[in-house]
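Here's the structure we're looking at; comments come further down.
What's counted below: heavy atoms across the whole structure, side chains too, no hydrogens, waters or symmetry copies. These figures come from a predicted structure and were not determined experimentally.
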Amino acid sequence: MMAAKAQSIPITYQAVLRHRFLMAMKHIPRKRFGQNFLTDGAIIDSIVDAITPQAGEPVVEIGPGLMALTQPLVERVGKLTVIELDRDLAARLRLRSDLDVVESDVLKVDFRAIAARLGVAKLRVVGNLPYNISSPILFHLLEQVDVVQDQHFMLQKEVIDRMVADAGTAAYGRLTVMLQWRYAMESVLFVPPGSFNPPPKVDSAVVRMIPRATPAQLDAKLLETMVQVAFSQRRKILRNTLGKWLDEKGFSGEFDLQRRAEEVPVAEYEAVAAQLSQK
């Protein structure tokens, strides 16, 4: 169900304010920060509708940039926490009293500390993630998933295809298993290169990630190591890769090693990791 638009000022006037603000904040995108700024108004509105932010919710945006998403988000929630690495952009963002600015590399941010400071149990995390470090960001958040209500991210479409892939497909891999163990995910929106300035050389998409209420109980580091070994040589059957590792770990359960890594469903990887985690 889509959230209602803010009623304090007409939508048309909000759009004008947003446009004027973006035009006033001239900023040259910095390649080292992976900056590609979203400029397509229709796509922006679709992303915000997918997030359905509600007044007063503790929303944290990673990489607000020129506030393309920030402005409509803050119009709905009232107060927004933003994480920005670029010091010039962070300085401009601090001019807004309705923004709580965390100037930092997101990979160093303690989301549990943010939740504690805001006095909430769970955070809603959103953002247009830098494509060059999207996987490290996803794994950083995975380690703090206990304080996350949901996540909505714009990423390279190829990465999202891997995140939501089914077993038996070419896109299925280590990222798939690690994230599907902990999240229910779906690709909710396609975003073409022309929606950005400068346009990236790849297609983009938006993914919704909702932490599972009852994930398999296992050692995350052990699962990560296991799938890394399994997918280290995708063309080989698991007897030649994962089989040796399982022997070293003393695994005695049932597991078909006459398959390739991509043919094993997430649930089976979870079951093996759970059993080994009890040793």
Gln233: which residues meet the side chain to side chain donor-acceptor pair (under 3.5 Å) condition with it, sequence neighbours left out?
Lys236

Output all residues satisfying side chain to side chain donor-acceptor pair (under 3.5 Å) with Arg94, sequence neighbours left out; order by chain, then residue number.
Glu103

Please work out which of the three classes, parallel, tilted or perpendicular, describes the rings of Tyr131 and Phe196, given edges at 30° and 60°.
perpendicular

Side chain to side chain donor-acceptor pair (under 3.5 Å) against Gln151, all qualifying residues, sequence neighbours excluded:
Tyr183

Could you tell me which residues satisfy side-chain contact (heavy atoms from CB on, under 4.5 Å) with Ser232, sequence neighbours excluded, listed by chain and number?
Thr241

For Asp40, what residues pass the side-chain contact (heavy atoms from CB on, under 4.5 Å) criterion, not counting sequence neighbours?
Ala42, Ile43, Ser195

Compile the donor-acceptor pairs under 3.5 Å between side chains in residues 243-254 and protein atoms, sequence neighbours left out, one pair per line.
none

Quick one: salt bridge (Lys or Arg N to Asp or Glu O under 4.0 Å) pairs with a partner in residues 196-215, sequence neighbours left out?
Glu186-Arg208

Determine which pairs satisfy salt bridge (Lys or Arg N to Asp or Glu O under 4.0 Å) with at least one residue from residues 261-277, sequence neighbours left out, and list them in order.
Arg234-Glu262, Arg259-Glu268

Can you name the side chain to side chain donor-acceptor pair (under 3.5 Å) partners of Thr81, sequence neighbours left out?
Asp100

Qualifying residues under side-chain contact (heavy atoms from CB on, under 4.5 Å), relative to Ala165, sequence neighbours excluded:
Thr169, Ala171, Tyr172, Thr176

Please name all residues satisfying side-chain contact (heavy atoms from CB on, under 4.5 Å) with Glu158, sequence neighbours left out, ordered by chain then number.
Gln156

Which pairs of donor and acceptor atoms, one on a side chain in residues 220-229, lie under 3.5 Å apart (sequence neighbours left out)?
from, atom 1, to, atom 2, distance (Å)
Glu224, OE2, Arg174, NH2, 2.8
Thr225, OG1, Lys221, O, 3.0

